[in-house]
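Lettering follows sequence order; numbering is per chain, from 1. Since the model is a prediction, treat every value here as computed from it, not as a measurement. Just the heavy atoms: all of them, side chains too, but no hydrogens, waters or symmetry mates, feed the values below.
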Amino acid sequence: MKNLKKTTKVDLATYIGVTVAFLIMYALQTGGHLTSSISGQLVPICCFIVMAVSLNLVVGISGELSLGHAGFMSVGAFGGIIAAQSLAETIPSTPLRLVVALAVGALCAVVVGFVVGVPVLRLRGDYLAIVTLAFGQIIKDLINCLLVGYDSHGLHIMFNISGLKSINDLHLEETGKAIIKGAQGAVGVTKISSFPAGFILVMLTLVIVLNLIRSRTGRAIMAIRDNRIAAESVGLNITKYKLMAFVISAALAGAAGALYGLNYGSLVASRFDFNTSILVLVYVVLGGLGNIWGSIIATVVLYMLPEALRQFSDYRMLVYAIVLILVMLATNNDQLKALLGKIIPHRKEAAGNE
Amino acid sequence: MNEKRPSHKGKMVPLPTNSIIPERDLAVTPILECRHLGIDFGGLRAVDDFNLTIGRTEIAGLIGPNGAGKTTVFNLLTKVYQPTRGTILLDGVDTAGKTTAQINHMGVARTFQNIRLFGNMSVMENILVGLHGEMNYSTLSGVLRLPSFFRSERIARERAMELLSIFNMEDTAEALAGSLPYGAQRRLEILRALATNPSLLLLDEPAAGMNPSETAELMENIVKIRDTFHIAVMLIEHDMNLVMGICEGICVLNFGQVIAKGTAEDIQSNPVVIEAYLGKQQ
Ligand SMILES: Nc1ncnc2c1ncn2[C@@H]1O[C@H](COP(=O)(O)OP(=O)(O)O)[C@@H](O)[C@H]1O
Ligand SMILES: [Mg+2]
């Protein structure tokens, strides 16, 4: 019972921290006190928090290395864009359309997550890293071949594998519009993402991931991570739980992708390349494997940093490196956590838990 | 499956010879029957023609010098290794083709010679993982925190505390499993195994690394566990006081072969055993 209370406190502190941060930033934004560059980063930061927390579920909680998390973000982004663009008239309400787009993005990522996860996670051994690495690359190439348009007859989808076709081959009506133009990516996207929507998605992700970790399912996932043979010996189905972590993570990345995609007027698939996957992995590792609030802090700090460091010009990379080390120490080091715990009351519980 | 059998004489396949099943268990199906069990690792016959029957409430011992194949027998019984030859029956049911997890669902739980706890999880959580199958809420109700989640978790935590009380370990519930002293880790492994509600408990060197007083306490507790849970216990152990003190049937393994089977007296006076095993210690 004591344990339940302690972890509940950590979770509560995380929820409260995120909410307070949101309220402050939202007040500043609506009050017009933010520079346009910071204001423009609010939605992407929310997306990347969701990315980091969901990747932590796979890497930190399930103990599997995934190098293609951006691939799921990509699937979700383009799935979400197709849904939002083609439903523009059917669902006039923007928030509702955004919800549907996020759900579609998540669903697309779930399907792809199964396709990638089922064959790999049945195997013993660390094949996931190599397969997700390839997946990230392949998904980018596939989307670069994708031609999608919409008119009164509905969706037109074509795979331009030969590279010879163009959007004109979809034969859209006069009133129809192109949604994805192959390597040019998504064009003419109506921006419907918003900071409050990002906040809600972050909170939803936290509820799902934190509650999952504190349930029998999450314990099974962590048990398999800690000792596979022992986990099998107490009757756990290894593939089932590894797959569950992987697919839930993919779903959240898909939703994050949809929110991200609908935040810009156009989007190319190369935005979600290997570097993006690694970037998110860096957030997770620096924030601490299995440490959810650590992932959030690492994401916020490291995402904002390059922008904030402009003034240091020549020393920019040096300061960046120093901050990386500090973040790592702050979220991974027990002594430093204890020290922080003495200064900040909320951190005390968090430090005691990890 | 639990129905009584008048006598095992009527059985289609006779019990292996030299059965060491205790008198009180003779009328019911044995919990475990191994017939001609064997496994090869490359050219090495790690276990060969292993026949053993264990009664429902028996405490059985498996002894033998290092490298004799004892742990391998446990790995065969729990399907960590697939047998090259032979049959394993659990409560009369053939286990061919089953996975390790399915063997646990069939009522076999074990500990490991080289301790395998969930080191980054608390003592309580380790036992809760053992109780996984007893909890009946779905992943969705866990995420949504439906009433079934709270009810099931509360019952499981109470049950875990009961289990911890067997070894007076309630105080350590919140400690990290990996940070416990060696003896406590071994005891926790036993409790985690017990949490899965087994009918056969396999203990691989449970007293290894324990001091004499811890070992004496463990002996009492193994008997207590058998008596309270009415289960069979099969243990591998080098501590002869423990083996001779609590095992009703003992099986001696040497170079993968059974060289003797019987009661403690039989084994202690068996010249083959003395030569192969006990002799070395004198
Ligand atoms: N996975 C394996 N691969 C190859 N040889 C093995 C394997 N497991 C056990 N052995 C061999 O089988 C023999 C019996 O080992 P083991 O069952 O661990 O003995 P012990 O009686 O000490 O528990 C040893 O010679 C060991 O080297
Ligand atoms: Mg051994």
Side-chain angles (χ1 to χ4, degrees), chain A residues 1-8 11 57 60-63 122 124 204-245 247-248 251-252 288-291 334 352-354, chain B residues 74-75 78-80 99-106 108-112 115-145 149-150 152-154 156-158 161 173-174 177-178 189 192-193 195-198 202:
Chain A
M1 279 297 129
K2 212 178 120 202
N3 179 47
L4 198 69
K5 272 188 208 144
K6 199 166 77 183
T7 53
T8 309
D11 296 356
L57 182 58
I61 305 296
S62 175
R122 291 164 64 97
R124 269 165 200 264
L204 196 69
T205 302
L206 288 176
V207 169
I208 291 173
V209 172
L210 290 173
N211 283 359
L212 185 77
I213 297 174
R214 318 292 185 212
S215 77
R216 72 197 270 265
T217 309
R219 285 193 298 261
I221 293 169
M222 292 187 282
I224 292 166
R225 168 198 68 189
D226 278 7
N227 201 310
R228 182 190 174 111
I229 291 181
E232 276 181 295
S233 85
V234 295
L236 298 179
N237 180 339
I238 307 292
T239 308
K240 175 180 162 186
Y241 287 106
K242 279 198 177 294
L243 195 62
M244 203 180 263
V247 170
I248 291 173
L252 294 170
L289 291 179
N291 179 348
D334 281 336
N353 179 49
E354 305 303 334
Chain B
F74 274 17
N75 285 336
T78 54
K79 302 282 174 170
V80 173
T99 64
T100 302
Q102 286 168 333
I103 293 293
N104 178 259
H105 300 155
M106 289 176 80
V108 182
R110 70 175 289 186
T111 66
F112 297 86
I115 300 171
R116 287 178 174 276
L117 286 170
F118 308 127
N120 298 314
M121 300 168 76
S122 71
V123 168
M124 169 59 82
E125 286 173 319
N126 268 263
I127 297 184
L128 289 176
V129 173
L131 289 167
H132 186 88
E134 307 275 302
M135 283 182 261
N136 48 16
Y137 65 87
S138 67
T139 301
L140 191 64
S141 27
V143 168
L144 298 178
R145 298 263 161 124
F149 162 82
F150 290 103
S152 190
E153 284 282 313
R154 181 175 45 75
R157 276 165 200 274
E158 282 166 12
M161 277 302 186
E174 297 315 320
E189 262 208 329
R192 181 183 67 188
T196 68
N197 197 15
L202 306 176

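Closest approach of A:Ser233 to B:Arg110, counting heavy atoms only: CB-CG, 4.1 Å. Taking all atoms of both residues into account, the shortest heavy-atom contact from A:Ala223 to B:Val129 is CB-CG1, 3.7 Å.
Listed by chain and residue number, B:Phe149 satisfy the ring pair (Phe, Tyr, Trp, His ring centres under 6.0 Å) test with B:Tyr137 (two or more places apart in sequence, or in another chain). By the side chain to side chain donor-acceptor pair (under 3.5 Å) test, B:Gln102 pairs with B:Thr99, sequence neighbours left out.
Of the candidates B:Leu140, B:Thr139, B:Val143, A:Thr217 forms a side chain to side chain contact (heavy atoms under 4.5 Å, CB included) with just one, namely B:Thr139.
Of the listed residues (B:Val80, B:Leu128, B:Thr78, B:Leu144), the greatest number of heavy-atom pairs within a distance under 4.5 Å of chain A belongs to B:Leu128. When each of A:Ala220, A:Ser215, A:Ala230 is checked for heavy-atom pairs under 4.5 Å with chain B, A:Ala230 comes out on top. When each of A:Val207, A:Val209, A:Ile229, A:Ile208 is checked for heavy-atom pairs under 4.5 Å with chain B, A:Ile229 comes out on top.
With values rounded to the nearest 0.5 angstrom, A:Asp226 atom CG is found 9.5 Å from B:Glu125 atom CD. Between B:Thr100 atom OG1 and A:Ile238 atom CD1 the span is 8.5 Å, to the nearest 0.5 Å. Here the CZ-CE distance, from A:Arg225 to B:Met121, works out to 7.0 Å after rounding to the nearest 0.5 Å.
The backbone N or O of B:Phe118 sits nowhere less than 3.5 Å from a side-chain atom of A:Asn227 that would complete a donor-acceptor pair. Judged by distance alone, the side chain of A:Arg216 and the main-chain N or O of B:His132 form a donor-acceptor pair under 3.5 Å.
Residue contact with chain A, scored on non-hydrogen atoms closer than 4.5 Å, involves the side chain of B:Thr196 exclusively. For B:Ile103, no part sits under 4.5 Å from any heavy atom of chain A, backbone or side chain.
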Requested in this report: In sequence, state the C-alpha distance, the side-chain angles, and the governing distance for B:Arg145 and A:Asn211, and then conclude on side chain to side chain contact (heavy atoms under 4.5 Å, CB included).
Outcome: CA-CA 7 Å; B:Arg145 298 263 161 124; A:Asn211 283 359; 3.3 Å; yes
